[in-house]
Amino acid sequence: MTENAYAKINLFLDVLRKRDDGFHDIKTVMQTVSLCDKVDVTATPSEKTNIDISVHNASLPLNKDNLAYRAADMYLNEAGITADVKIVIEKNIPIAAGLAGGSSDAAATLRAMNCIFGKLTMNKLLEIGLRLGSDVPFCLVEGTRLCEGRGEIMSELKTPVAHLVVAIGDDRISTPLAFARLDDEFLSEDGKLQTGGDAAFSLLMSGLDKGEIVYDSLFNAFEFGIDKTAKSVSKIKAEMIFKGALAALMSGSGPSVVGFFADKLSAENAAKHLLSLGYFAAYATTV
Ligand code: C5P
């Protein structure tokens, strides 16, 4: 059973409030894109559970530190089954990039396990997903969604057509540190953060109602102060604009950057240009 595990980008991402459980309430428009990992799962019932995981193209932990491993384990526990599970991941999405690669692999594993065993409802998968990570519920359902809470309160939006380049340099950013940096800058005594994203949100939503992206409206609060932690972000953005991007925005807590282009050819040319400069770059569309 092979599942595509699509990367996600954020067309809008704001952090609204620090919660008592250590997480933050966010407000984000997430979008799956065609750049994807392939997750192949085979599973047969057996007396004792054994999960074997292998990864092509990347070095990742092959035990409980791997989200896909944990997803399979949690699925079996919730379903009350013991099984021999083999997971093979072909990794194409950059790791720790703000593209939800690990979350998407976990979501694909849950979907594949449920195709094989058919034991759990979608609501149960979403619940397990949230225990695995904040982006996993969205990765389970895919498409274009307004996501609130930690990301699990989702409403479906029209999917806009877009020609994209997803790119990243050598910088990497820790998600908890990215949240902490925003707290330092924007957190007020009532626990709320005022980052100034409201106008951009209204503009984006008015376009998405018609299935269009208003490029002036793209907003990601995590871009604040990013030059101090990941210099590659503004460099990549500048190269994308130089190659004709209509807009360029960091994805998630970074440091991957997404460029939006008028057509496939200009996006592919920009991707080639970024590759020649030594960055990872891939053409992608919205899916
Ligand atoms: O849910 P996930 O494992 O992706 O979260 C990693 C870390 O990022 C959390 O432990 C938390 O510090 C931070 N985070 C947050 N609010 C969110 C999502 C993540 O503070 N909505």
Side-chain angles (χ1 to χ4, degrees), residues 5-32 37 39 58 60-61 63-75 89 91 93-110 125-142 145-155 168 171-195 197 201 219-226 229-230 250-256:
Y6 293 105
K8 67 86 187 148
I9 61 169
N10 304 75
L11 300 175
F12 175 89
L13 174 51
D14 205 358
V15 180
L16 305 183
R17 191 173 73 87
K18 189 169 182 180
R19 305 172 12 162
D20 294 336
D21 62 3
F23 287 92
H24 292 73
D25 281 331
I26 61 167
K27 183 173 178 180
T28 181
V29 175
M30 298 223 238
Q31 170 68 58
T32 38
D37 295 342
V39 179
L60 283 175
N63 52 24
K64 277 189 194 285
D65 292 333
N66 186 307
L67 270 192
Y69 181 110
R70 282 221 292 281
D73 198 31
M74 282 165 75
Y75 184 94
I89 301 176
K91 201 78 203 147
I93 306 171
I95 295 161
L99 296 166
S103 301
S104 196
D105 293 347
T109 303
L110 289 175
L125 296 186
L126 290 167
E127 187 197 307
I128 300 174
L130 187 61
R131 276 190 266 146
L132 287 160
S134 304
D135 290 341
V136 181
F138 170 76
C139 293
L140 275 165
V141 294
E142 307 171 329
R145 310 239 166 193
L146 168 62
C147 304
E148 296 172 279
R150 277 173 59 198
E152 80 283 18
I153 305 166
M154 296 185 279
S155 27
I168 189 167
D171 295 312
R172 286 297 179 271
I173 289 171
S174 133
T175 302
L177 286 184
F179 275 100
R181 214 177 59 238
L182 285 191
D183 287 345
D184 286 347
E185 192 61 32
F186 296 110
L187 188 63
S188 56
E189 274 178 14
D190 60 2
K192 292 187 181 150
L193 288 86
Q194 295 291 345
T195 65
F201 179 72
F219 175 87
N220 183 345
F222 285 108
E223 284 192 341
F224 178 82
I226 195 66
T229 38
M250 194 172 79
S251 181
S253 57
S256 59

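Just so you know, ligand 1 is whichever comes first in the structure, and atom 1 is the first atom listed for that ligand.
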Could you list the donor-acceptor pairs under 3.5 angstrom formed by side chains in residues 128-140, with sequence neighbours left out?
{"from": "Arg131", "atom 1": "NH2", "to": "Glu78", "atom 2": "OE2", "distance (Å)": "2.8"}
{"from": "Ser134", "atom 1": "OG", "to": "Arg150", "atom 2": "NE", "distance (Å)": "3.1"}
{"from": "Ser134", "atom 1": "OG", "to": "Arg150", "atom 2": "NH2", "distance (Å)": "3.3"}

Listed partners of Asp65 passing side chain to side chain contact (heavy atoms under 4.5 Å, CB included), at least two apart
Pro61, Asn63

Suppose we screen for salt bridge (charged side-chain N to carboxylate O under 4.0 Å, His left out). Which residues come up paired with Glu152, at least two apart in sequence or across chains?
none

Can you find a side-chain donor-acceptor pair between Thr229 and Arg181 that sits under 3.5 Å?
yes

Answer yes if the side chains of Lys8 and Asn10 hold a donor-acceptor pair under 3.5 Å, and no otherwise.
yes

Distances only, to 0.1 Å: what are the N or O pairs between ligand 1 and the protein that fall under 3.5 Å?
{"from": "ligand 1", "atom 1": "1 (O)", "to": "Ser134", "atom 2": "N", "distance (Å)": "2.9"}
{"from": "ligand 1", "atom 1": "1 (O)", "to": "Ser134", "atom 2": "OG", "distance (Å)": "2.6"}
{"from": "ligand 1", "atom 1": "16 (N)", "to": "His24", "atom 2": "N", "distance (Å)": "2.8"}
{"from": "ligand 1", "atom 1": "20 (O)", "to": "His24", "atom 2": "N", "distance (Å)": "3.3"}
{"from": "ligand 1", "atom 1": "20 (O)", "to": "His24", "atom 2": "ND1", "distance (Å)": "2.7"}
{"from": "ligand 1", "atom 1": "21 (N)", "to": "His24", "atom 2": "O", "distance (Å)": "2.9"}

Electrostatic pair Asp105-Lys91, nearest N-O below 4.0 angstrom:
yes

